[in-house]
Amino acid sequence: MKPRDRLRIAMQKSGRLTEPALDVLKRCGLTFRQSRDKLFCFGEGEPVDLLLVRDDDIPGLIAQGVCDLGIVGRNVLDEFKGVAGDAAAALTEWRPLGFGRCRLSIAVPQDVDYTVPKDLDGLRIATSYPGLLGQWLRRNEVDAAVVTLAGSVEIAPKLGTADAICDLVQSGGTLVANQLRETDVLLQSEAVLAGPDTLPTDERGDMIELLLKRLDGVIQVRESRLLLLQTSRTSLDAVTRLLPGGPQPTLLPVAGQPDQLMLQALCAGEVSWRQLEEIKKAGAREMFVLPVEKMLA
Ligand code: ATP
Ligand code: ZN
């Protein structure tokens, strides 16, 4: 593989992960010039380019060194690792990204009796994840036939081509619509930043380290809110006790009002109206709740 001085990230060309992946990269300060063929996007600010592909191709592109990193579902990454064996052993999840959440589950027709995995003995199970399903069947000592399908797995029992399925589930609505019942979860999945487990030793390694730091700053604060308020020194204890969890608040003097303080607190999640009203009752005023965009500790 020819050495490259620009980092190349593979991501899904069009699908559930496309928009949230572009959004997280943008929050990390990466923007791209859309090319006409939309397969390759040149990075404008930083030396980082995008390759837009089918999600199933992403682990292979990283394993071959065509791309340095990829944004892909854990389901696709783990399936690749299971099937590709040694070639993929060095692929790692660098960061979970918190979107594209779903699970890989076994489901059976609603009228089928099922209590333990062994009940699947002798049945045919349709899936697009033969590697992950095979591992689970072996672990549970189930002797079932795996029917590999590229798509429309959920209708296989109705078509008579399988007795059960192993497929991705998000809300469960698709299962119910097909009269199926979820019985076992094989894998909890979400989009991850995947890459080789050792960083390249050239500039690309430095760029990956920088990107990981920025990602941490983006992921950590995504749910955070900055709470600003004013309180008298006498109410401070009561107000502080009501603050939603997070690090110690910062206190600042208010010019010309020696008995007043400005309080600033980073809260781990949403701050509700009810919480604000309680804090106000305890003596706070001039309260602001702000979203946090980035953090660099
Ligand atoms: P392509 O192969 O063309 O890139 P796809 O049809 O395989 O697209 P999508 O349906 O867009 O892919 O799903 C991409 C990823 O989104 C999945 O691999 C999975 O990680 C995640 N995902 C989240 N919820 C679901 C769901 N309900 N069904 C399927 N995938 C889901
Ligand atoms: Zn796919």
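Order of listing sets the numbers, starting from 1, for every ligand and every atom in it.
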Side-chain ion pair, Asp49 and Arg6, N-O less than 4.0 Å = yes

request  = For Thr231 and Ala284, work out which heavy atoms get closest and say how close.
outcome  = CB-CA, 4.5 Å

query = With backbone taken as N, CA, C and O and side chain as the heavy atoms from C-beta onward, which portion of Val76 lies under 4.0 Å from ligand 1: side chain, backbone, both, or neither?
reply = side chain

request  = Just need the protein heavy atom nearest to atom 3 (O) of ligand 1, so name the residue and atom and give the distance.
outcome  = Arg54 NE, 3.6 Å

ask   = Does Glu293 come within less than 4.0 Å of Arg27, counting only side-chain N to carboxylate O?
value = no

query = Does Ser232 use its side chain to pair, donor to acceptor, with the backbone of Ser235 at less than 3.5 Å?
reply = yes

ask   = Which of the numbered atoms in ligand 1 are below 4.0 angstrom from a heavy atom of Gly15?
value = 11 (O)

request  = Could you tell me the residue and atom name of the protein heavy atom closest to atom 16 (O) of ligand 1, and the distance to it rounded to 0.1 Å?
outcome  = Arg16 CD, 3.6 Å

request  = Report the name of the N/O/S atom of Asp56 located nearest to the Zn ion (ligand 2).
outcome  = OD1

task = Give yes if a backbone or side-chain nitrogen or oxygen of Asn75 is under 3.5 Å from a nitrogen or oxygen of ligand 1, and no if not.
result = yes

message = Would the distance check show the side chain of Gln170 and the main-chain N or O of Cys102 forming a donor-acceptor pair, the cut-off being under 3.5 Å?
response = no

task = Just go through Leu17, Leu187, Leu168, Asp55 and tell me whose heavy atom is the nearest to atom 1 (P) of ligand 1.
result = Asp55

query = Looking at Asp55, which of its N, O or S atoms is the nearest one to the Zn ion (ligand 2)?
reply = OD1

query = Are Tyr129 and Asp167 linked by a side-chain donor-acceptor pair shorter than 3.5 Å?
reply = no

request  = Check ligand 1 against Gly73 and write out every atom of the ligand that is under 4.0 Å from a heavy-atom position of the residue.
outcome  = 20 (O)

ask   = Is there a donor-acceptor contact under 3.5 Å from the side chain of Arg214 to the main chain of Cys28?
value = yes

ask   = Which residue owns the protein heavy atom closest to atom 27 (N) of ligand 1, what's the atom, and how far is it?
value = Gln170 CB, 3.3 Å

Any side-chain donor near an acceptor of the partner, Thr115 and Asp119, under 3.5 Å = yes

inquiry  = With a heavy-atom distance limit of 4.0 Å, tell me whether Gln12 approaches ligand 1 through its side chain, its backbone, both, or neither.
reply    = side chain

request  = Any chance you could measure Asp55, atom CG, to Gln12, atom CD, to the nearest 0.5 Å?
outcome  = 4.5 Å

inquiry  = Strictly less than 4.0 Å: does any protein heavy-atom distance to atom 11 (O) of ligand 1 fall in that range?
reply    = yes

query = Which atoms of ligand 1 are found less than 4.0 Å from any heavy atom of Gly100?
reply = 21 (C), 23 (C)

ask   = Is the closest N or O pair between Ser189 and ligand 1 shorter than 3.5 Å?
value = no

query = Does Ser14, backbone or side chain, put an N or O under 3.5 Å from an N or O of ligand 1?
reply = no

query = Among pairs that include at least one residue of residues 122-148, which meet salt bridge (charged side-chain N to carboxylate O under 4.0 Å, His left out), considering only residues two or more places apart or in two chains?
reply = Arg124-Asp163

